[in-house]
2 protein chains.
Amino acid sequence: MKGNITMRDIAEKLGVSSVTVSKALNDKEGVSDELKKRIKQVADEMGYRFNTHAKSMKEGLSYNIGIIIPEQFAGSTQAFYLQFYQHLSQNMDVHHYSGILHILSREDERNLALPRIYTEKKIDGFIMLGQISPEYVKMIQNTDVPVIFLDFYTDQTNIDSVLTDNFFGVYEMTNYLIRNGHKKIAYVGNIHSTSSIQDRFLGYYKSLLESRIELNPDYIIKDRDELGNYIPFELPEDMPTAFVCNCDQVAFNLINDLKKKGYDVPNDCSVVGFDNDIYATLTEPKLTTVEVNMKEMSKVTVKFIIEKIKNRKKTYGRVMIKGTMIYRDSVKNIL
Amino acid sequence: MKGNITMRDIAEKLGVSSVTVSKALNDKEGVSDELKKRIKQVADEMGYRFNTHAKSMKEGLSYNIGIIIPEQFAGSTQAFYLQFYQHLSQNMDVHHYSGILHILSREDERNLALPRIYTEKKIDGFIMLGQISPEYVKMIQNTDVPVIFLDFYTDQTNIDSVLTDNFFGVYEMTNYLIRNGHKKIAYVGNIHSTSSIQDRFLGYYKSLLESRIELNPDYIIKDRDELGNYIPFELPEDMPTAFVCNCDQVAFNLINDLKKKGYDVPNDCSVVGFDNDIYATLTEPKLTTVEVNMKEMSKVTVKFIIEKIKNRKKTYGRVMIKGTMIYRDSVKNIL
DNA sequence: CTGAAAGCGCTTACAG
DNA sequence: CTGAAAGCGCTTACAG
């Protein structure tokens, strides 16, 4: 078999022009059905592979989208984003797009270095997956390809981002605890840490407000310092009956800590998480938590970026996707 | 700023030809240093971005490599391969290559469907990351781009693969246990499961042979059935003083099981793992284990695939990369 | 329904 | 040291 088969080769074999072959293979108007069928058949027989680069050059589009994940989210505990990539990839495929995954090193982030896939025109747009510095956000907004931010947002203007509804998820979760008779409910997380931890806290707070439960400052329990390093939990004198943790990993840590201190989960106190990641089922008992709806978030993100590639003026703003409650064994009904 | 700046635009601005611009930007012979400098400067000022597609078409190369990960390895417990991707990516960057990550769905694997990145000539070669069916291996070997298998191998011929040295890693680990006075050493893993679990077992066995310790069939403890589902451990009557687990996750499970049954690790028995993944530090005590040398494996893999792209005839065979012993707290010296 | 011509943005081989 | 010409493999706009 010849190494490199082009439309012209197919055309010559059939005694037609390469224009006709192009039309046939792209299912365009202007070729008789019979000829089209033959062309496709011969293309198959000859092992023809379409050359995207020729099309790219003509159209000025690469049919690739750059997915940028900051290095710190590609660590050993973060299978999460690989799954996200998978969903993004599946959705892009429908639009004949491929994903070029780029892990942004801390150094490049600091130096505001744009990835080569951009400077060499290998991509038509960016999906930024995971929080990056405001400076980097600003720079990437000023490139001449469209950008969508996935799973985080900043307060900068003109930003299109797709997020899990942190606020609503924890609001719903806290309501669930209250329906199960809990009134002494603590929130575990540093509320000055990231915006998503903050939003989750606010969801918890709203739920308390609605049920006329006073917010007890002792019931806001720090899990990490401002730099993100975990610190030992300081449990309040008056023990809560339930803990709303800002993520599953913290719930995992808390449960281990509670056990060491002689408490039984969920009989002495209930614990809930957020994310439904690997930690949710590593705990004993398994965690009741909120699952991020990656599938829907990915679908929406890809739809947006493709629209933006076609029409630069489209904007979407901050789009929230609701998560799903996952009921397991870490909550006790105390009514 | 004009949307699309080409070498011709730079050339016109400077009153030279686009050939000269091409030479200058590519640091080729035949342009005076002074002119080269000016050209680069103007390119910068104009915000020029190189168009890879034009080069691709000329050369018939895309400067992309497809990294294929089978779906089952992209699950929530598998951050491992994302880290691998990161290292691969860094190494490819040096060669001006980008990675297109494709998660191969179970369905496409079964139907022997080639990814679009291949059929549309978006890639110059494949790196297969994670075990796939022999049929798929065979098919991908017959495409007209080179392939390297990373982190697994099959007995099919003409296969270039890069592997962690499972055999040697466990051999070294078992030697270490023996040096610490252990004689009653069990292996935990289904030796009919995957080739790497088998190879690890053989490393264990070699170590026993060398020390003239008889292989006790009761000391081969199954961790999963033939389908890969974990099953309860059946501990032997005569308890071993050490357990060599085929991976960290199994060591994690075993330690939890031992604790439930009233054993203390490492005082009653030592436990070691393999992989140094997330499970290695989730256990209490933390695991002594073997770390896969991802960095070196990635470097070698990329070097090989690039060489193979340049010269199709190159072959490398099965290349083993030694892992690194990580000493933590799960082994007791009983001498 | 079919095709000749031009062009996308580079690079290579050759001539000066 | 510099550049005119040709070509990579498609697609678009137009003519028949």
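No hydrogens, no waters, no symmetry mates; every other heavy atom, side chains included, goes into these values. Lettering follows sequence order; numbering is per chain, from 1. What you see is a predicted model, and the numbers here were worked out from it, not measured in a lab.
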Quiz prompt | Whole-Å gap separating P (C:dG3) and CD1 (A:Ile10) | solution = 14 Å
Self-check item: Base-pairing mate for D:dA4 - Watson-Crick or G-U, with both contacts under 3.5 Å
Solution: none
Quiz item: What's the CD-P distance between A:Glu29 and C:dT2, to the nearest Å?
Solution: 13 Å
Quiz item: What string of B, S and - do you get for nucleotides 9-16 of chain D 5' to 3' if you count protein non-hydrogen atoms under 4.0 Å?
Solution: BBBB----
Exercise. Go through the steps for A:Asp124 and A:Lys308 under the test salt bridge (Lys or Arg N to Asp or Glu O under 4.0 Å), then give the verdict.
Key: CA-CA 10 Å; A:Asp124 304 335; A:Lys308 279 172 79 96; over 6 Å; no
Practice problem: Using the six-membered ring wherever Trp is involved, compare the ring planes of A:Tyr118 and A:Phe126 and label them parallel, tilted or perpendicular (cut-offs 30° and 60°). | Solution: tilted
Quiz item: Does A:Thr20 make a side-chain N or O approach to OP1 or OP2 of C:dG3 shorter than 4.0 Å?
Solution: yes
Quiz item: Counting only side-chain N and O atoms of B:Ser17, is one of them less than 4.0 Å from OP1 or OP2 of D:dT2?
Solution: no
Practice problem: Could you please spell out the steps behind the salt bridge (Lys or Arg N to Asp or Glu O under 4.0 Å) verdict for B:Arg318 and B:Asp160? | Solution: CA-CA 6 Å; B:Arg318 277 177 59 205; B:Asp160 290 321; over 6 Å; no
Quiz prompt | Complement of D:dA13, any strand, by Watson-Crick or G-U distances under 3.5 angstrom | solution = none
Practice problem: Measure from NZ or CZ of A:Lys55 to the centre of the six-membered ring of A:Tyr63, then state whether that distance is under 6.0 Å and the direction lies within 45° of the axis. | Solution: yes
Quiz item: Should the pair B:Tyr81 and B:Phe84 be assigned to parallel (<30°), tilted (30 to 60°) or perpendicular (>60°) ring geometry?
Solution: tilted
Quiz item: What is the ring orientation for A:Tyr48 with A:Phe50, classed by angle as parallel under 30°, tilted 30 to 60°, or perpendicular over 60°?
Solution: perpendicular
Exercise. Using atom NZ of B:Lys37 as one end and atom C1' of D:dC1 as the other, report the distance to the nearest whole Å.
Key: 18 Å
